[in-house]
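For reference, the structure is listed below as structure tokens.
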Amino acid sequence: MGQSTGMVVPRWIDVQGVKNFRDIGGWPVRDGRGYIRERFVFRCGHLVNVTQKGKDVLKQLNVVAAFDFRSDPELERQGTMPEIEGLTRYPSAVFSKDDYSPAALATRWQGYFEGATGFPKVYMIILEKGGPQFGKIFKHILANHSRQSTKSLIIHCTAGKDRTGVFIMLLLGLCDVDDEIIAQEYAMSNLGYWESESELQAKADMLGVTIQDMRMVMSAP
């Protein structure tokens, strides 16, 4: 139906030290039959740099689980989230170490560099590789979060954009949210995630590409 409005809930939440943190609830389902439950599932970038103030916000939101799609090479480079009382981190790597081979990385990065035509190719890889972990999260939700529950959970990767975006696409799609709205929700990462010019240039130099290429990689086209 192409609906583009949702419930008036504060979608963006300031969790200090965490980028791209937002509520995926409040969007309407098809034919006006209701809305996605708000304050239940949140998406974001990694939680490594969350501050004490940010932890307090997570406690207020009653977050009890964080599903981390990052792989071992990322964890070794970035670290893991600090301990937060009452919140359990569930390692849920989409990619294995083998998926970080030069050949595998080259295939994924080339897809990103191709922009709007290449991203779907990468997302199909994520969908294939992530199936087992995505299934575990759906089972966790069914087993631990009833309609009466006030507990919430976080889905995240590094930026909260690609792997997280594919899972959220599946979740909203299963809840019968219109494709146009799912795309709109995905594109919000253009507002929620950013890297400084120096960070982008450093990554471009490492990969032997231009800073414009890196801006494309970090976008949600």
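Just so you know, residue 1 is the first one in the sequence shown, and it goes up from there. It should be emphasised that the depicted structure is a prediction, and the values quoted were computed from it without experimental measurement.
Side-chain contact of Asp98 with Ser101: a donor-acceptor pair under 3.5 Å is absent, judged by distance alone. No donor-acceptor contact under 3.5 angstrom links the side chains of Arg215 and Thr210, judged on distance only. No side-chain donor-acceptor contact under 3.5 Å links Thr117 and Glu114. With 3.5 Å as the limit, one finds a donor-acceptor pair spanning the side chains of Gln52 and Asp56. Remark: the Tyr112 side chain and the Asp213 side chain contain no N/O donor-acceptor pair separated by less than 3.5 Å.
Both Met214 and Tyr193 are assigned to one and the same hydrophobic cluster, defined by single-linkage of ILVMFWY side chains at heavy-atom distances under 4.5 Å. Trp194 and Trp12 fall into different hydrophobic clusters, defined by Ile, Leu, Val, Met, Phe, Trp and Tyr side-chain heavy atoms under 4.5 Å apart, directly or through other members. Using a 4.5 Å cut-off between side-chain heavy atoms of Ile, Leu, Val, Met, Phe, Trp and Tyr, with links allowed through other members, Phe119 and Phe95 fall into the same hydrophobic cluster. Residues Leu75 and Phe69 fall into different hydrophobic clusters, defined by Ile, Leu, Val, Met, Phe, Trp and Tyr side chains chained together at heavy-atom separations under 4.5 Å. Linking ILVMFWY side-chain heavy atoms closer than 4.5 Å, directly or via other members, places Leu127 and Leu174 in a single hydrophobic cluster.
Here the closest non-hydrogen pair linking Lys55 and Glu83 is NZ-O, 3.6 Å. For Tyr90 against Ala65, the heavy-atom pair with the smallest separation is CE1-CB, 3.6 Å. Residues Pro221 and Gly115 come closest through the heavy atom pair CG-C, 4.4 Å. Shortest non-hydrogen contact noted between Asp68 and Arg89 is OD2-NE, 3.1 Å. Heavy-atom minimum distance, Glu199 versus Ser196: OE1-N, 2.8 Å. Among all heavy-atom pairs drawn from Val48 and Gly79, the shortest one is CG2-O, 3.3 Å.
Asp72 CG to Asp99 CG: the interatomic distance, rounded to the nearest 0.5 Å, is 11.5 Å. One finds the CD1 atom of Ile24 at 11.5 Å from the CZ atom of Arg37 (value rounded to the nearest 0.5 Å). Note that CG of Asn144 and CD1 of Ile141 are 9.5 Å apart. Values are rounded to the nearest 0.5 Å. One finds the CG atom of Asn20 at 9.0 Å from the CE atom of Met188 (value rounded to the nearest 0.5 Å). Once rounded to the nearest 0.5 Å, the distance linking CG of Asp178 with CZ of Arg30 reads 5.0 Å. Note: Asp162 CG to Arg108 CZ = 10.5 Å, rounded to the nearest 0.5 Å.
With sequence neighbours left out, the side chain to side chain contact (heavy atoms under 4.5 Å, CB included) criterion links Gln148 to Ser146.
Lys203 is listed as a side-chain neighbour of Glu195, based on a closest heavy-atom distance under 4.5 Å. Inter-residue side-chain proximity for Lys136 and Phe67 is flagged as unmet; no heavy-atom pair is nearer than 4.5 Å. Side-chain contact between Phe40 and Thr150 is absent, with no heavy atoms from C-beta onward closer than 4.5 Å. Between Val29 and Tyr35 the shortest side-chain heavy-atom distance does not fall below 4.5 Å. Under the 4.5 Å side-chain criterion, counting only non-hydrogen atoms from C-beta, Phe134 is in contact with Ile126.
Using cut-offs of 30° and 60° for the angle between ring planes, the His145 and His140 rings count as tilted.
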**Request:** Would you please test Asp14 and Lys53 for salt bridge (charged side-chain N to carboxylate O under 4.0 Å, His left out) and show each step?
**Result:** CA-CA 10 Å; Asp14 183 13; Lys53 185 175 180 180; 5.5 Å; no
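Atom NZ of Lys59 sits in a crowded spot, with more than 12 heavy atoms from other residues, nucleotides or ligands closer than 6.0 Å.
A side chain to side chain contact (heavy atoms under 4.5 Å, CB included) with Val41 is found for one member of Asp23, Ile137, Ile155, Leu172 and no other, namely Ile155. The ring pair (Phe, Tyr, Trp, His ring centres under 6.0 Å) test with Phe167 is passed by exactly one of Tyr123, Tyr186, Phe138: Phe138. Of the residues Arg22, Lys19, Lys161, the one that meets the side-chain hydrogen bond (donor to acceptor under 3.5 Å, both in side chains) test with Ser189 is Arg22.
The backbone N or O of Arg39 sits nowhere less than 3.5 Å from a side-chain atom of Ser152 that would complete a donor-acceptor pair. Put simply, the side chain of Asn190 gets close to the backbone of Ala187: a donor and an acceptor are under 3.5 Å apart. Side-chain N or O atoms of Thr164 include none that pairs as donor or acceptor with a backbone N or O of Arg43 at under 3.5 Å. Using modelled atom types, one side-chain atom of Glu74 and one backbone atom of Ser71 make a donor-acceptor pair closer than 3.5 Å.
For Glu185 and Arg11, the salt-bridge test fails: no basic side-chain N is under 4.0 Å from an acidic carboxylate O. A salt bridge does not link Arg70 with Glu76: every distance from a Lys NZ or Arg NE/NH1/NH2 to an Asp or Glu carboxylate oxygen is 4.0 Å or more.
Taking a 4.5 Å side-chain heavy-atom cut-off between Ile, Leu, Val, Met, Phe, Trp and Tyr, the cluster of Ile13 extends to Val15, Val18, Phe21, Phe42, Leu47, Val50, Val57, Leu58, Leu61, Val63, Met81, Ile84, Leu87, Ile154.
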